[in-house]
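Worksheet: one structure, shown below.
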Amino acid sequence: MAVMSYIQAVTTALREEMQRDEKVFILGEDVGKKGGVFKATDGLYEEFGGDRVLDTPLSESAIAGVGIGAAMYGMRPVAEMQFADFIMPAVNQIISEAAKIRYRSNNDWNAPITIRAPYGGGVHGALYHSQSVEAVFANQPGLKIVMPSTPFDVKGLLKAAIRDNDPVLFFEHKRAYRLIKGEVPDEDYVLPIGKADVKREGDDITVITYGLGVHFALQAAEKLAEDGIDTHILDLRTVYPLDQEAIIEAAKKTGKVLLVTEDNKEGSIIGEVAAIIAENCLFDLDAPVMRLAGPDVPAMPYSPPMEKFFMINPDKVEKACRDLAEF
Amino acid sequence: MAVMSYIQAVTTALREEMQRDEKVFILGEDVGKKGGVFKATDGLYEEFGGDRVLDTPLSESAIAGVGIGAAMYGMRPVAEMQFADFIMPAVNQIISEAAKIRYRSNNDWNAPITIRAPYGGGVHGALYHSQSVEAVFANQPGLKIVMPSTPFDVKGLLKAAIRDNDPVLFFEHKRAYRLIKGEVPDEDYVLPIGKADVKREGDDITVITYGLGVHFALQAAEKLAEDGIDTHILDLRTVYPLDQEAIIEAAKKTGKVLLVTEDNKEGSIIGEVAAIIAENCLFDLDAPVMRLAGPDVPAMPYSPPMEKFFMINPDKVEKACRDLAEF
Amino acid sequence: MGNKRHEKIGLSEEQVLEMYKTMLLARKIDERMWLLNRSGKIPFVISCQGQEAAQVGAAFALDRQKDWTAPYYRDLGVVLAFGMTPKDLMLSAFAKAEDPNSGGRQMPGHFGQKKNRILTGSSPVTTQLPHAVGVALAGKMEKQDFVSFVTLGEGSSNQGDFHEGLNFAGVHKLPVITMVENNKYAISVPFDRQVASENISIRASSYGMHGITVDGNDPIAVYEAVKDARERAINGEGPSLIEAVTYRLTAHSSDDDDRTYREKEEIEEAKKHDCVLTFSNYLKEVGVLTEELDEKIHAEVKELVNEATEYAEEAPYAAPEHALRFVYEE
Amino acid sequence: MGNKRHEKIGLSEEQVLEMYKTMLLARKIDERMWLLNRSGKIPFVISCQGQEAAQVGAAFALDRQKDWTAPYYRDLGVVLAFGMTPKDLMLSAFAKAEDPNSGGRQMPGHFGQKKNRILTGSSPVTTQLPHAVGVALAGKMEKQDFVSFVTLGEGSSNQGDFHEGLNFAGVHKLPVITMVENNKYAISVPFDRQVASENISIRASSYGMHGITVDGNDPIAVYEAVKDARERAINGEGPSLIEAVTYRLTAHSSDDDDRTYREKEEIEEAKKHDCVLTFSNYLKEVGVLTEELDEKIHAEVKELVNEATEYAEEAPYAAPEHALRFVYEE
Ligand SMILES: Cc1ncc(C[n+]2csc(CCOP(=O)(O)OP(=O)(O)O)c2C)c(N)n1
Ligand SMILES: Cc1ncc(C[n+]2csc(CCOP(=O)(O)OP(=O)(O)O)c2C)c(N)n1
Ligand SMILES: [Mg+2]
Ligand SMILES: [Mg+2]
């Protein structure tokens, strides 16, 4: 078992899948010679050649659309969007096409494409290199949206996404790329898409979150533990469709729920999590559902004071947890 | 005061605004000579000429993008997307551009564009002429999304949208176009964007909905009244950003809340409504929040039995209301 | 006995008769659908009428056992040539469970059938173009020798996906043939308010590919152009853009009334060049088609259409709850 | 005294000196930003280096009191010519409250300033092109006599918005000039893996517009091409597409390491044609610029850059809560 960074887990999963199945190939901007702007595909061009690690023109709709076509043929394309913010030109291909191909053809066709994109803030990326875009897609049956928090989850879930027979959006937190390290088994394994994961057992309050929020919650939980507050942490891992059962169980466990996202608050996927709780756990709650999120402004500003103001962090999570515990 | 159809209210609002302000112009596919595929712009080409009722090439991203450019210059473009389903190629222009222009320029620029699109099902429109697409945009601060239910609201809100100094998405229910009629004052009036509206006062249960759902709820309420169930109906009218105050008030009023949308359930805007209630009204609720929505399948099928199965209707609303009342 | 143009380019009598029959079949299915629509039996129809020559001419120039296609909604002629049956098409028109395109989930004109390598299509225009490029890319990666054939209207050639898809194909020299069926209108918008270039094929130069404009009313001319494009593709010379100039003989769809935006005279004039008529005349002139044979073909076609209509009308709908199936793999 | 090419096209000594100074100023601001970045004072820089001639040559051919522009992130030369000051630019680099582009909300290179008719720009490439078309449409509707000028990179010319925007402009014959600054790379992807056409200007024919490729290292050639395009636009002859062939002398941005994808020799070779250098040589050859004057200009520029840097470094950030302002009209 090796300790590796979040981004190394991405590269490892890609490499192993390409070795395992020659129908797997990568396409995107700068993924080839350069190895990606974040180096997620580093070394793959050298190992697998330019045909399987394909530098495309600067055209996200074509990257998605050509990938979908190849997937319908029977290939296993892994498309990279250079930043999640730049997935927007491909929305038509993703929502109108990828999501609906199986359904509209009555199961005759399917489009097993994986679309990877780095998302998230706290990297001085300003408005267009910091966004969380999952909510745009989290109302489209036919799609799955995976947002892993740890290197272990990255490897197992990215492999699962590539092998999945339906389209999967795979959002990687760009600040986690080098910040987050963890143990990753050398062997081949997959983790189930659609299943949330308890990252910490606790009895007093429940935090439900995903991505970098999981680490912020874990850090906050350490501090809270010092004061005898025991935090239960559920990592959604797949944010669409949600793991309702796990959410209900986690909410019922403590009766006090904090939902955390770094996306803008209104319309983010934690709204749906709150709705599931409101529908299913009303009489189990000891406090109103609480949400911690980015403010409802278009996106994270560039200047450090404003960026910090926008971005969630362990302190903000801790403070919200204390308020909830004291309720 | 004239009785007119929902679509006549659209045309009336457009005509009056174009007469009032010569900076207002219309652009879209087939809006000119043909008067729009639904005839929403009928007669305007004859009255205002081809320069102000502009038939564009078949390019939604250009329709939005050119409109945004003209709006930044100081015009008041009203862009038509032929069907809401076909707004997807324009998502980048709407989310990355229109929504963020004021914020990113620190208030130096603004983009007062109105984008109209017919949405909704029950018209044998199949997967791509029936969708509710509001959830795609309902997480984008800087945008406003208006979805009126009555001819009166259409006229007042469309005028307000055109005069608004920020971008507004204005979704019109295509089945309401000719189905729904109502009184519309002859004079010029605007209704406030961002405000929900009580469409029926009641004490037993609360239904919160929008668009065609309002009429289904009103019909159901009549039947329920016969059995002594008194229904309070809140029409959201603006689905983003939501009128939190009105939602909280309506939920508290009866303590039993049914949320209705014809969109797929998971990730629809009623999830956010439920979240607002879960945050603010926990101790005022006598029953779990209940949601009635389309099933989580990509979109409405064409064949009548499957379409009917998908689509909400007064009977489904009534049944849900009874379940809630009996809780 | 006129000039046998078809022979010069290697088309046999059997082939041209088969082409003629396919064109006629497409036309007659389409006409029947209008009747069914006007009598309230099917909610919607969108037509191939006027474009059969382009569709059938192109399809016959392909290897229909091997090549892949991503047709657009008017391509009745293409899908018939690729193996879809009149029954399949009528099942789709009636939205019945057995419809191989979508099981009644999509409107007619939204083709798709895996066994015949017809990619499933949607309503938003031009999205199929990058798909066809993707299939060509896959074929190249897998060292297959098929081509991928995609069609769209001239209005649709102004979507971003046209540009992005063709540039991708051009850069990677992929075996994909794009045929724009220029019927001069996009619903109500005429060519000159829609397309800024003098014609569509000139756009090929933006993508470093071969481009040509042909008379879309002449199935032999279209056959020749597509045959040539296919050879280029197979020889590694990359993609082609073909513009087939046609005319839309019907309204845009059963929901459209074209009298508000085009003159009756224009349509009357176009009808004189109706490709089914002119091809039939050609075949008669060159002695391939006799009156007798023509009658026989008409009768056969009619029989096929009748049979298909009856079958489809009787066939059951999918159960309401079937709407819940096949969102994801089951 | 060499051949005074600038005089032949009506450029005075003052004008060419002003152009030279603007190019130099752009270069020196950019160089300073790299220093600031490398010493950890600013998080990011994206460069104009190598493209100043194209930018300044183009801007000077416009009516800078009247015309509108939608520049892209490298266009330091354009925005300086349109009235943005070194101070404004340094305030943006330091993300300070007073930055007129965005108040420190956007990265440097995201220009915008209403008083100088510089449209606000974003990061997703090519979205500005339809905006410029929209401004041109508005100008035409309002019977104004300005043009709208938009730039982008050659990689960005493969986005759908390029096609959709230019086709719109072509159909409606709008007064918009699009200049593609072809610096041969889109981050790491070279021209031939990016663009399927032989050059960019050939794409003009897809939109029925005037197209021309010019040497982007020669400000006089670019000036001439844009001047001509502007006249066409003002005379109602419609839009133009100009390709200015340049080279990107730096890495893509301060986050990029270009050694992984291009040879040092290639860059060394390009530096020989560095436009600031070659233009300075030209001006000296034709006797417009003396060594003495050049030194004076350098000193002035240095002073401007120093002043701007100091001012911006000292200037305050916006308050944290300012992040909540201006989502909607207040
Ligand atoms: C993205 C998108 N926008 C709008 C429509 C509505 N629409 C359907 S067909 C059509 C016109 C298509 O014209 P053209 O491409 O010339 O094909 P034709 O119908 O003439 O064969 C339009 C606007 C659509 N289907 N997709
Ligand atoms: C839609 C979109 N996709 C990806 C990016 C990331 N990106 C920024 S610049 C760039 C390359 C642009 O190349 P080119 O258009 O040639 O301009 P240059 O930087 O060479 O001047 C890329 C891929 C982006 N900004 N927008
Ligand atoms: Mg057409
Ligand atoms: Mg470039």
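So that the names make sense, note that chain A is the first sequence line, chain B the second, and so on, each numbered from 1. No experiment lies behind these values; they were computed from the predicted model shown. All values below come from the heavy atoms of this structure, side chains included, with hydrogens, waters and symmetry mates left out.
Between chain A and the residues Asp85(B), Val91(B), Leu143(B), the most heavy-atom pairs under 4.5 angstrom are made by Val91(B). Ranked by non-hydrogen atom pairs under 4.5 Å with chain A, the options Val297(B), Asp296(B), Leu127(B), Ile269(B) are led by Val297(B). The choice from Pro89(A), Gly271(A), Pro141(A) that makes the most heavy-atom pairs within less than 4.5 Å of chain B is Pro141(A). Note: Asp263(A) leads Asp263(A), Leu285(A), Ile277(A), Asn280(A) in heavy-atom pairs under 4.5 Å with chain B. Each of Ala90(B), Cys281(B), Ala278(B), Ala287(B) has some count of heavy-atom pairs under 4.5 Å with chain A, and the biggest count is that of Ala278(B). Each of Ala275(A), Pro298(A), Pro301(A), Gly267(A) has some count of heavy-atom pairs under 4.5 Å with chain B, and the biggest count is that of Pro298(A). Counting heavy-atom pairs under 4.5 Å between each of Tyr240(A), Phe86(A), Tyr302(A) and chain B puts Tyr240(A) at the top. Counting heavy-atom pairs closer than 4.5 Å to chain B, the top-ranked of the candidates Ser268(A), Ala99(A), Ala126(A), Gly142(A) is Ser268(A).
Tyr128(B) contributes atom OH, which lies 4.0 Å from atom CZ of Arg104(A) (distance to the nearest 0.5 angstrom). Atom-to-atom distance recorded for Asn92(B):CG and Ser61(A):OG is 10.0 Å, nearest 0.5 angstrom. The structure places CZ of Arg291(A) at 4.0 Å from CD of Glu279(B), a figure rounded to the nearest 0.5 Å.
Of the two parts of Asp286(B), only the backbone, made up of N, CA, C and O, holds a non-hydrogen atom closer than 4.5 Å to a non-hydrogen atom of chain A. Ile276(B) touches chain A through backbone and side chain together, each having a heavy atom under 4.5 Å away. With a 4.5 Å cut-off on non-hydrogen atoms, Gln131(B) touches chain A through its side chain but not through its backbone. Contact of Ile95(B) with chain A is made through the side chain alone, with heavy-atom distances under 4.5 Å. With a 4.5 angstrom heavy-atom cutoff, Phe283(A) touches chain B only via side-chain atoms. For Ala135(B), the parts sitting under 4.5 Å from any heavy atom of chain A are the backbone and the side chain alike. For Phe137(B), no part lies near chain A; criterion is any non-hydrogen pair under 4.5 Å. Heavy atoms of Leu242(B) lying under 4.5 Å from chain A belong to its backbone as well as its side chain.
We find that Lys265(A) and Glu272(B) are not joined by a salt bridge, their nearest charged nitrogen and carboxylate oxygen being 4.0 Å or further apart.
Side-chain contact between Asn139(A) and Glu266(B): absent, with no pair of heavy atoms (C-beta onward) separated by less than 4.5 Å. Side-chain atoms of Ile94(A) and Met88(B), non-hydrogen and from C-beta on, never get closer than 4.5 Å to each other.
Shortest non-hydrogen contact noted between Pro288(B) and Leu282(A) is N-CD2, 3.5 Å.
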